Amino acid sequence: MASERDDFIRSGPLHLTTVNWGNVHHRRSIAASLVQGVYVLERDRQEKYRKALAPPWWDFFHFELLYTLVDDVDSSIFGAIYEFKQETNRYYLAEIPRYVIAFRGMITELDCLLRDLSLDLNLIKNGLHQTSRFGTAMKAVRNMVSLSGPSSVWLTGHSLGSSIAMLAGKNMAKTGHFLESYLFNPPFISAPIERIKDKKVRHGIRIASSLITAGLAFAMNVNQESQQPEDPFNVLSTWIPNLFVNPADHLCCEYIGYFEHRENIKSFGAGEIAKLAMQNSLTGLLMNAMGWKYQEELHLIPSANLTVNRIPSPTFRLAHGIHQWFRGDLRLQSKVYRY
């Protein structure tokens, strides 16, 4: 039986009967809906419904499905490329993307579960860039940017899919192509300190962690004989992805503390400590010390437009779900952090 959450008529943002593309909340809802379209595409494939549920998730906003992105291991649909029907809207054309590339997160049905879990494990080990799913995604992004230019392409994703979109966005930013990106519940590979209720305890843990991380990073850099490569944060600093997080979601909530702590520690005149701490993690530094080849850590980014959902979520499922980002009655707090 089809899930109510997959049915656009029962669960979609029907309040957007008229879209103002200059409105950031409308753009958020549309990006989230297109990600949901990928989830439903895969469930349509698995369930073989007599009537597909996925098309309304993009048809309602005058997009059409151009391509699906298929995983070569389990044949699941993990992404989609949508094209906007330009003839349907004559307003705010500068804000309307020609193409949107969307990526889903983990699906718990058995057809996808093992493959998605293995990708989550690669994400934790900072090896997402080595997976064939990301290779397929990156090729699609490069092809669409080559076809229409970076200003015409959006990236969006949820959970694991937001990590794929983030890594693709980083790679494109390093080549000077800054893609507008909407990343929902992006995983932050760290202990969720933000979930600690006592603000003073959180602050103390972050101060101690920053001092240890910065000290270890400084010591390792001092002891290296070869010249350090160009600061990756300087290269990426112009790219400002839109991050959407929920404080009750332990997978992404640490982005709140990551950026707030950087601002706090800089205000105390400890800018160099903040710089070293935000570019490194203790796990990554220890792996380097043990001789493992360094890989730039995916979740560490220099700049972002961080949006926090301040409506309390009673369960992790609701806090992590994509559906919260469709709503038009959210209580959101946004701030742009620049490196």
Side-chain angles (χ1 to χ4, degrees), residues 16 18-38 57-69 79-104 134-158 161-184 186 230 232-244 298 301-307 325 334-339:
L16 289 180
T18 301
V19 174
N20 176 354
W21 283 94
N23 186 308
V24 294
H25 302 298
H26 289 194
R27 297 203 299 272
R28 163 184 49 83
S29 294
I30 293 169
S33 295
L34 296 179
V35 174
Q36 175 65 0
V38 183
W57 290 97
W58 57 82
D59 285 342
F60 190 80
F61 304 108
H62 306 295
F63 283 89
E64 59 185 346
L65 180 64
L66 200 59
Y67 302 109
T68 57
L69 302 177
I81 302 176
Y82 304 100
E83 182 176 13
F84 183 72
K85 302 173 185 178
Q86 295 286 350
E87 68 277 6
T88 62
N89 194 317
R90 297 178 180 274
Y91 302 99
Y92 298 101
L93 292 180
E95 282 82 11
I96 302 177
R98 182 173 180 185
Y99 301 105
V100 177
I101 308 175
F103 305 101
R104 67 165 174 84
F134 176 72
T136 300
M138 193 69 240
K139 182 179 179 181
V141 172
R142 288 196 177 105
N143 286 344
M144 299 314 296
V145 171
S146 177
L147 175 68
S148 64
S151 62
S152 300
V153 179
W154 280 11
L155 294 177
T156 185
H158 173 247
S162 69
S163 293
I164 292 174
M166 181 180 289
L167 184 53
K170 275 188 164 185
N171 287 347
M172 296 308 298
K174 290 174 183 176
T175 65
H177 298 313
F178 305 108
L179 306 186
E180 188 161 344
S181 303
Y182 295 83
L183 311 177
F184 301 98
E230 185 178 3
F233 268 38
N234 281 334
V235 175
L236 293 172
S237 60
T238 307
W239 181 53
I240 306 178
N242 298 284
L243 273 55
F244 300 88
L298 170 60
I301 56 176
S303 306
N305 180 10
L306 183 69
T307 298
W325 304 112
S334 297
K335 184 174 180 178
V336 176
Y337 294 91
R338 299 180 186 273
Y339 182 63

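Note that the coordinates shown come from a computational prediction; the quantities given were computed from them, not determined experimentally. Values below: all heavy atoms of this structure, side chains included; hydrogens, waters and symmetry mates excluded. Note that the numbering runs from 1 along the sequence shown for the chain.
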Rounded to the nearest 0.5 Å, how far does CG of Leu34 lie from CD1 of Ile101? 12.0 Å
So, for Phe134 and Ile164, which heavy atoms are closest and what is the spacing to 0.1 Å? CE1-O, 3.7 Å
Just wondering, do Phe103 and Leu69 contact through their side chains at under 4.5 Å, heavy atoms? yes
Rounded to the nearest 0.5 Å, how far does CE of Met138 lie from CG of Leu167? 7.5 Å
side-chain contact (heavy atoms from CB on, under 4.5 Å) between Ser33 and Phe61, intermediate numbers included: CA-CA 9 Å; Ser33 295; Phe61 304 108; 3.6 Å; yes
Taking all heavy atoms of Ala140 and all of Ile81, pick out the closest pair and write down the distance. CB-CD1, 4.1 Å
So, for Met172 and Leu179, which heavy atoms are closest and what is the spacing to 0.1 Å? CG-CD1, 4.0 Å
Looking only at non-hydrogen atoms, find the nearest pair between Ser303 and Ile240 and report the distance. CB-CG1, 4.0 Å
Taken in chain and number order and not counting sequence neighbours, the residues that satisfy ring-ring contact (aromatic ring centres under 6.0 Å, His included) with Tyr337 are Phe259
Output for pair (Leu306 CG, Leu183 CG), nearest 0.5 Å, gives 11.0 Å
Output, in order, the C-alpha distance, side-chain angles, deciding distance and verdict of side-chain contact (heavy atoms from CB on, under 4.5 Å) for Thr156 and Val100. CA-CA 7 Å; Thr156 185; Val100 177; 3.8 Å; yes
Parallel, tilted or perpendicular: rings of Phe244 and Phe184 (30°, 60°): parallel
Is there a side-chain contact between Asn242 and Arg28, using heavy atoms and a 4.5 Å cut-off? no
Value for CZ (Arg98) from CG (Leu66), rounded to nearest 0.5 Å, stands at 9.0 Å
With respect to Ile30, which candidate in Tyr82, Phe63, Trp57, Tyr182 satisfies the side-chain contact (heavy atoms from CB on, under 4.5 Å) definition? Phe63
Locate the shortest heavy-atom distance separating Val35 from Arg104; write the atom from each residue and the value. CG1-CA, 4.4 Å
Counting only N and O atoms by type, is there a donor-acceptor contact under 3.5 Å from the side chain of Lys85 to the main-chain atoms of Glu64? no
With distance as the sole test, does Arg27 use its side chain to make a donor-acceptor pair with the main-chain N or O of Trp21 at under 3.5 Å? yes
Taking every non-hydrogen atom, the tightest pair across Ile96 and Phe84: CG2-CD2, 3.3 Å
From Ser237 atom OG to Ile301 atom CD1, the distance as rounded to the nearest 0.5 Å: 12.0 Å
Out of curiosity, Leu298 CG to Ser162 OG, how far, rounded to the nearest 0.5 Å? 8.5 Å
Please determine whether side-chain contact (heavy atoms from CB on, under 4.5 Å) holds for the pair Val141 and Tyr99, giving the CA-CA distance in whole Å, both sets of side-chain angles, and the decisive distance to 0.1 Å. CA-CA 10 Å; Val141 172; Tyr99 301 105; over 6 Å; no
Indicate every side-chain donor-acceptor pair of residues 144-155 with a distance under 3.5 Å to a residue at least two apart or in another chain.
residue, atom, partner, partner atom, Å
Ser148, OG, Met144, O, 3.1
Ser152, OG, Ser148, O, 3.4
Trp154, NE1, Glu180, OE1, 3.4

Take Ser181 and Trp239, measure what side-chain contact (heavy atoms from CB on, under 4.5 Å) needs, and give me the verdict at the end. CA-CA 9 Å; Ser181 303; Trp239 181 53; 3.4 Å; yes
